[in-house]
Each structure stands twice: as C-alpha cells, then as structure tokens.
Amino acid sequence: MLIHMLIRCFVFSVLAEFVISFIVPDQEVLTSLPTNKDPNAILAALRNADIIPDVLNTFSPLLSLTLNWSSTAHTNLGNTLPPSSLQQPPSVIINKIPSAYLPYNTQLVLALTDPDAPSRDDPKWSQVCHWLVTAKSGRVKELVEYKAPAPPEGTGSHRYVVVVMVAKNGTTEGLELTVPKERRHWGYEGERSGVREWAKDNGLKVVGANFIYAQNDKQ
Ligand SMILES: *[C@@H]1O[C@H](CO)[C@@H](O)[C@H](O)[C@H]1NC(C)=O
Ligand SMILES: *[C@@H]1O[C@H](CO)[C@@H](O)[C@H](O)[C@H]1NC(C)=O
C-alpha cells in the first residue's frame with residue numbers, strides 16, 4: 001500500500017523531469033501482470049539461472065519488480081527478448097510483496113547489469129552497468145544513464161539482471177551514493193565484480209530482482 005503511494009509520486013516527478021517512468025497500474029492490470037510475487041519462486045528462478053551466486057547473494061524479496069519496455073517486452077524471470085525491443089529506457093513497475101515490511105519514504109535504488117560480457121563463457125568485461133537510478137519522495141535521479149543491451153555477434157545468450165536495493169540499516173534518510181567510475185566491472189577489479197561490490201560499499205541490500213535473456217541475431 002505504502003509503496004504504491006511512493007511510486008505514484010515518482011510518476012509526477014518523472015513527467016516533469018525524466019524520460020524514466022515509474023508506473024503503478026490499476027489493480028486489475030496488476031493481477032494480469034506476469035510478475036511473480038512469490039518470494040520462493042523469485043529465488044528459485046534466480047538460482048536456476050545461476051544469478052545467485054554469479055551476481056547476487058541470496059536475499060529476502062520484499063518487492064516484486066518488472067521492467068516494461070512495451071506491451072510485448074517486459075522482464076518475466078528469465079524470458080528471452082530481442083535486443084531491438086530494449087532500445088528505450090523501460091518503465092518500472094514495483095509492488096510490495098504481501099506481508100513484507102518497507103517503510104514509506106525508503107529510498108529505492110535500481111540497477112540493470114550484464115554479468116555475461118562479452119559472453120557467459122568469457123565474462124572478462126563483466127559486469128557491465130547498463131543503468132543506475134535512485135528514487136525517493138517523488139525525486140528520481142539517474143546516476144548512470146540507460147545503455148540499451150547490445151550483446152555482440154556470436155556471444156550467445158546474455159543474462160540482463162535488474163535489482164532493487166535499499167539501505168541495509170533501514171534508514172529513511174536520503175543516501176549519499178557513489179557513482180561507478182566505469183560501466184565495465186562497475187569500476188572494480190576482477191571478473192563478474194559489479195553490483196554486489198557497489199551495494200556493499202554503499203551500505204545497500206537487495207530486496208527485489210528480475211531478469212531476461214537477450215542475444216544478438218547473428219550467432
Ligand atoms: C508497458 O508499456 C507499454 C508501452 O509504454 C504500455 O502500453 C503498457 O500499458 C505497459 N504495461 C504495464 C503493465 O504497465
Ligand atoms: C545508514 O546507512 C546509510 C547508507 O550507508 C548511511 O549513509 C547512514 O549514515 C546510515 N545511518 C545510520 C543511522 O547508521
């Protein structure tokens with residue numbers, strides 16, 4: 001309930017300042033959304049795809065999260081989408097998981113990351129930061145601007161993982177967040193370093209995740 005209000009605020013600020021939109025659909029639309037709201041099913045899908053442990057440690061889902069590029073392209077825990085459908089920044093649909101506790105006014109941080117760059121077998125550039133956005137009390141700020149997924153030719157299927165984080169200590173104060181120095185490795189050293197290291201350095205914990213697969217037409 002509270003999170004709905006919070007996100008409704010985002011819509012207004014977004015219209016004023018940003019292309020990114022956080023949308024709360026009507027209740028009927030919500031129930032027809034493919035987003036899985038069962039925390040165990042979310043974790044199972046992430047484990048099946050090895051996103052836990054490649055990208056994330058195990059966590060307690062408090063929010064369900066969908067990126068929506070168009071009426072035919074949204075994240076659904078491991079569906080495959082053509083890169084051509086991912087060109088523009090998506091809207092973000094976030095719902096509180098029933099029974100989860102998250103105070104109104106909590107700052108949300110959203111990241112889109114590719115652990116499979118240039119390929120899943122050879123992740124030497126990974127993770128690549130594709131998007132980093134934060135939202136609090138009607139203010140949305142893009143820390144790293146949206147870079148559309150563009151998996152290179154012949155590199156197979158990439159996992160594109162979207163994550164929502166909040167402050168680990170439960171504060172509802174505004175957060176001072178660092179901006180990653182580079183997209184590659186999120187500015188860290190080592191294969192597959194990225195959102196996990198950045199979240200740790202910024203005192204954040206993961207409370208929601210979703211993902212798609214995408215690959216170049218030429219394989
Ligand atoms: C997804 O985005 C499309 C295009 O902007 C929009 O028409 C559709 O209503 C959105 N779906 C949801 C569930 O918000
Ligand atoms: C809570 O964590 C945030 C983010 O790391 C930090 O900025 C803030 O100072 C912390 N607040 C308290 C009360 O520990």
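First listed ligand is number 1; within each ligand, the first listed atom is number 1. As a basis for the values below, the full set of heavy atoms in this structure was taken, side chains included, without hydrogen atoms, waters or symmetry mates.
The ligand atoms of ligand 1 that sit less than 4.0 angstrom from a heavy atom of S71 are 3 (C). With ligand atoms numbered from 1 in the order given, ligand 1 contributes 1 (C), 2 (O), 3 (C), 8 (C), 10 (C), 11 (N), 12 (C), 14 (O) to contacts under 4.0 Å with heavy atoms of N68. Counting the atoms of ligand 1 from 1 in the order shown, those under 4.0 Å from a heavy atom of I93 are 12 (C), 13 (C), 14 (O).
Using cut-offs of 30° and 60° for the angle between ring planes, the Y160 and H158 rings count as parallel.
For Q87, the CD atom counts as densely surrounded, since its 6.0 Å shell holds more than 12 non-hydrogen atoms of other residues, nucleotides or ligands. Applying the 6.0 Å contact sphere to CD of Q219 captures more than 12 heavy atoms from other residues, nucleotides or ligands. Environment of CD in E173: sparse, with no more than 12 heavy atoms of neighbouring residues, nucleotides or ligands closer than 6.0 Å.
Put simply, the side chain of N105 reaches to within 4.5 Å of the side chain of K136, judged on heavy atoms.
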For each nitrogen or oxygen atom of ligand 2, which protein N/O atoms lie closer than 3.5 Å, and how far apart are they, rounded to 0.1 Å?
from: ligand 2; atom 1: 2 (O); to: N169; atom 2: OD1; distance (Å): 3.3
from: ligand 2; atom 1: 2 (O); to: N169; atom 2: ND2; distance (Å): 2.4
from: ligand 2; atom 1: 5 (O); to: N202; atom 2: O; distance (Å): 3.3
from: ligand 2; atom 1: 11 (N); to: N169; atom 2: ND2; distance (Å): 2.9
from: ligand 2; atom 1: 14 (O); to: N169; atom 2: ND2; distance (Å): 3.1

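Using a cut-off of 4.0 Å between Lys/Arg side-chain N and Asp/Glu carboxylate O, D116 and R192 are scored as salt-bridged.
Judged purely by distance below 3.5 Å, without hydrogens or angles, the side chains of W198 and T178 pair a donor atom with an acceptor atom.
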